[in-house]
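Written out below as structure tokens is the structure these notes cover.
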There are 2 protein chains.
Amino acid sequence: MIDPGLLPIQTTARDDAVLNALADFVMQEELQPGDRLPTERVLSERLKVSRTTVREALTRWEGLGLVERLQGSGTYLKGVVSRDMLHMPLTFASGNDFESLMHTLEIRRALEAEAAALCALRAGPSELAFIKQKLEVMEEAFHSRAGMSSDEDWDFHQSIYRVSGNPLFEQIISAMQEAFHRFWEHPLGVRDFGHASFPYHRKLYERIVAHDAEGARAEALKLIATVEDDLRRGAANLKLLDLK
Amino acid sequence: MIDPGLLPIQTTARDDAVLNALADFVMQEELQPGDRLPTERVLSERLKVSRTTVREALTRWEGLGLVERLQGSGTYLKGVVSRDMLHMPLTFASGNDFESLMHTLEIRRALEAEAAALCALRAGPSELAFIKQKLEVMEEAFHSRAGMSSDEDWDFHQSIYRVSGNPLFEQIISAMQEAFHRFWEHPLGVRDFGHASFPYHRKLYERIVAHDAEGARAEALKLIATVEDDLRRGAANLKLLDLK
DNA sequence: TTGGTACAATGGTCTGACCAATTTCTGCAC
DNA sequence: GTGCAGAAATTGGTCAGACCATTGTACCAA
């Protein structure tokens with residue numbers, strides 16, 4: 001079998017060249033997010049560079065969140081890649097304290113509200129059905145498990161970001177989600193976290209169906225407000241414990 | 001809403017461990033940007049991992065712009081590093097096309113509105129004076145030059161981000177602004193870009209002084225809306241040119 | 001159908017070597 | 001002593017080949 005792309009590399013600055021070649025390959029083969037890339041060993045052979053170099057290049061992409069590596073399985077495309085793409089990694093200090101988490105939540109509230117508004121404006125019938133399905137899965141999980149389920153909840157919100165038509169929303173929010181994960185390894189002791197937010201999900205959906213941008217924005221703000229309240233309660237609990 | 005725990009266990013995360021160890025080292029030694037890190041070989045020996053692993057870890061940091069490697073010289077710290085940092089890699093479809101600009105503007109609108117609302121809630125007398133001063137400088141520049149001045153305008157908005165009490169607003173926005181800076185100078189050939197937004201600056205300030213969060217949010221939304229209109233007009237102009 | 005087992009494929013790590021760019025040292029000319 | 005050219009050491013970049021750990025798959029037995 002002869003692949004048209006993936007010609008040998010010649011210049012110096014190998015790993016950069018590898019990334020360009022790989023970007024070309026991805027575009028040429030029209031690979032979608034979720035598709036599997038060629039094996040490191042295959043790339044190494046095709047590009048006539050060592051596997052080390054291939055790995056360094058892929059490590060770059062992995063750090064930028066463009067690609068995901070699964071040991072024993074393969075390397076999978078995680079974002080859209082094209083040769084002329086502007087990568088802008090933001091890094092800043094963000095501790096695990098209450099204040100930092102509150103800051104990220106404020107960013108999230110801002111983006112969530114805007115995404116909801118845009119979503120209300122732009123969602124067509126098929127997009128609405130997509131969101132509705134995510135909503136119903138979430139509600140089902142809520143009732144069967146008697147509590148908020150993070151995965152299904154996340155799917156619902158993610159569907160809104162996607163339908164907003166602006167990929168930046170999803171990128172920024174999902175990057176911040178990692179901060180949440182870190183934080184929740186040391187929970188604040190709040191049980192049923194996010195429980196209060198449940199009813200607002202359907203309200204938000206209804207405003208989107210009605211193409212009511214400002215209404216959707218308002219509901220999204222209320223939803224995040226309940227989460228902030230939970231967080232504040234958790235912080236209060238911690239303070240109580242500290243006093244003992 | 002958030003993850004309840006049960007994260008996947010990780011048996012192999014050596015390069016991550018290397019980065020944590022390195023972050024600790026940097027903090028312990030109080031290394032500043034520009035300082036040189038230990039050699040790859042030294043790190044390899046000290047951390048009891050192979051040089052390959054050290055290199056993979058450093059490649060991650062290099063990709064995030066935290067570190068710079070100079071062959072024959074060494075690896076140098078390029079940014080501030082701490083153990084718990086939030087990495088937020090964003091990727092744009094590069095370029096000066098209308099759609100990309102619109103996407104960044106949508107993010108900006110989201111953050112601007114939220115920052116304005118928080119600002120209205122949190123601004124004390126001295127903060128209000130700070131914002132007022134920036135506003136007056138901007139207005140002065142507007143009248144003397146008969147047009148919006150990007151620098152003074154940017155200073156005004158930046159003061160709002162700062163008073164919001166959440167550093168993330170300023171960091172995210174300024175990073176995006178930087179990426180498109182050259183383009184914002186003369187966007188799409190629209191003269192008097194941002195001219196229509198002028199009166200809304202003072203209105204926004206007045207809502208902040210009144211500690212009216214929702215009012216401030218609304219004015220910020222209107223302000224960005226005028227910029228979007230300008231952008232749309234520019235896109236229409238370009239399209240006209242294309243047809244010739 | 002279920003569950004287990006062997007095997008192949010794939011990413012992760014290691015070792016040791018050599019290359020290329022840079023820095024530092026050395027010794028000679030003046 | 002000074003200045004400078006060349007040698008030597010240092011350091012990141014690449015390579016080759018090996019082995020480990022995890023995953024996916026095909027096959028077999030209960």
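Below, read A as the first sequence line, B as the second, and so on, with proteins coming before strands; counting in each chain starts at 1. Quick caveat: nothing in here was measured; it's all calculated off a predicted structure.
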How long is the line joining [atom1] of [X] and [atom2] of [N], in whole Å?
| X | N | atom1 | atom2 | answer |
| --- | --- | --- | --- | --- |
| Glu68(B) | dG12(D) | CD | P | 13 Å |
| Arg55(A) | dC20(D) | CZ | P | 17 Å |
| Glu62(B) | dG12(D) | CD | C1' | 10 Å |
| Gln71(A) | dG24(D) | CD | P | 11 Å |
| Glu56(A) | dC14(C) | CD | P | 14 Å |
| Lys48(B) | dT13(C) | NZ | P | 18 Å |

For this session: List the atom of Trp61(B), the atom of Ala23(B), and the distance in Å for their closest heavy-atom pair.
Result: CH2-N, 3.9 Å

For this session: Please test Leu221(A) against Tyr200(A) for side-chain contact (heavy atoms from CB on, under 4.5 Å), starting from the C-alpha separation and ending with a verdict.
Result: CA-CA 10 Å; Leu221(A) 288 174; Tyr200(A) 290 102; over 6 Å; no

Show me the donor-acceptor pairs, under 3.5 Å and distance only, between side chains in residues 116-132 of chain A and residues at least two apart or in other chains.
{"from": "Arg122(A)", "atom 1": "NH1", "to": "Ser164(A)", "atom 2": "O", "distance (Å)": "2.7"}
{"from": "Arg122(A)", "atom 1": "NH2", "to": "Glu106(B)", "atom 2": "OE2", "distance (Å)": "2.5"}
{"from": "Glu127(A)", "atom 1": "OE1", "to": "Gly124(A)", "atom 2": "N", "distance (Å)": "3.0"}

Phosphate OP1/OP2 of [N]: any [X] side-chain N/O under 4.0 Å:
| X | N | answer |
| --- | --- | --- |
| Thr53(B) | dC14(C) | yes |
| Thr75(A) | dT10(C) | no |
| Arg69(A) | dT10(C) | no |
| Ser50(A) | dC15(D) | yes |

Problem set entry | Nucleic acid contacts of residues 31-47 of chain B, taken as heavy-atom distances under 4.0 Å to DNA chain C | Arg41(B)

For this session: Ignoring hydrogens and angles, state whether a donor on the side chain of Thr59(B) or Arg69(B) is under 3.5 Å from an acceptor on the partner side chain.
Result: yes

Exercise. In terms of side-chain heavy atoms, does Tyr161(A) have a donor or acceptor partner in Gln171(A) at a distance below 3.5 Å?
Worked result: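 There is no such pair between these side chains.
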
Exercise. So, Arg109(B) and Glu228(B), do they make that salt bridge, N to O below 4.0 Å?
Worked result: yes

For this session: Just compare dT23(D), dC14(C), dG11(C) and give me whichever is closest to any side-chain atom of Ser73(A).
Result: dT23(D)

Exercise. Considering heavy-atom distances to DNA chain D, does Tyr76(A) or Thr52(A) have its closest nucleotide positioned more toward the 5' end?
Worked result: Thr52(A)

Problem set entry | Val54(A) vs Gly72(A), nearer the 5' end of DNA chain D by closest nucleotide |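 First, find each residue's nearest nucleotide; the 5'-ward one identifies Val54(A).
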
Problem set entry | side-chain hydrogen bond (donor to acceptor under 3.5 Å, both in side chains) partner of His201(A), the single match among Glu219(A), Glu139(A), Lys134(A), His157(A) | His157(A)

For this session: Confirm from the modelled atom types if Arg51(B) and dG13(D) form a donor-acceptor pair under 3.5 Å, side chain to base only.
Result: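 Flag set: donor-acceptor pair detected.
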
Exercise. When we call it a touch if two heavy atoms are under 4.0 Å apart, what does Leu70(A) touch: a base, just sugar-phosphate, or nothing?
Worked result: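 Touches sugar-phosphate only.
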
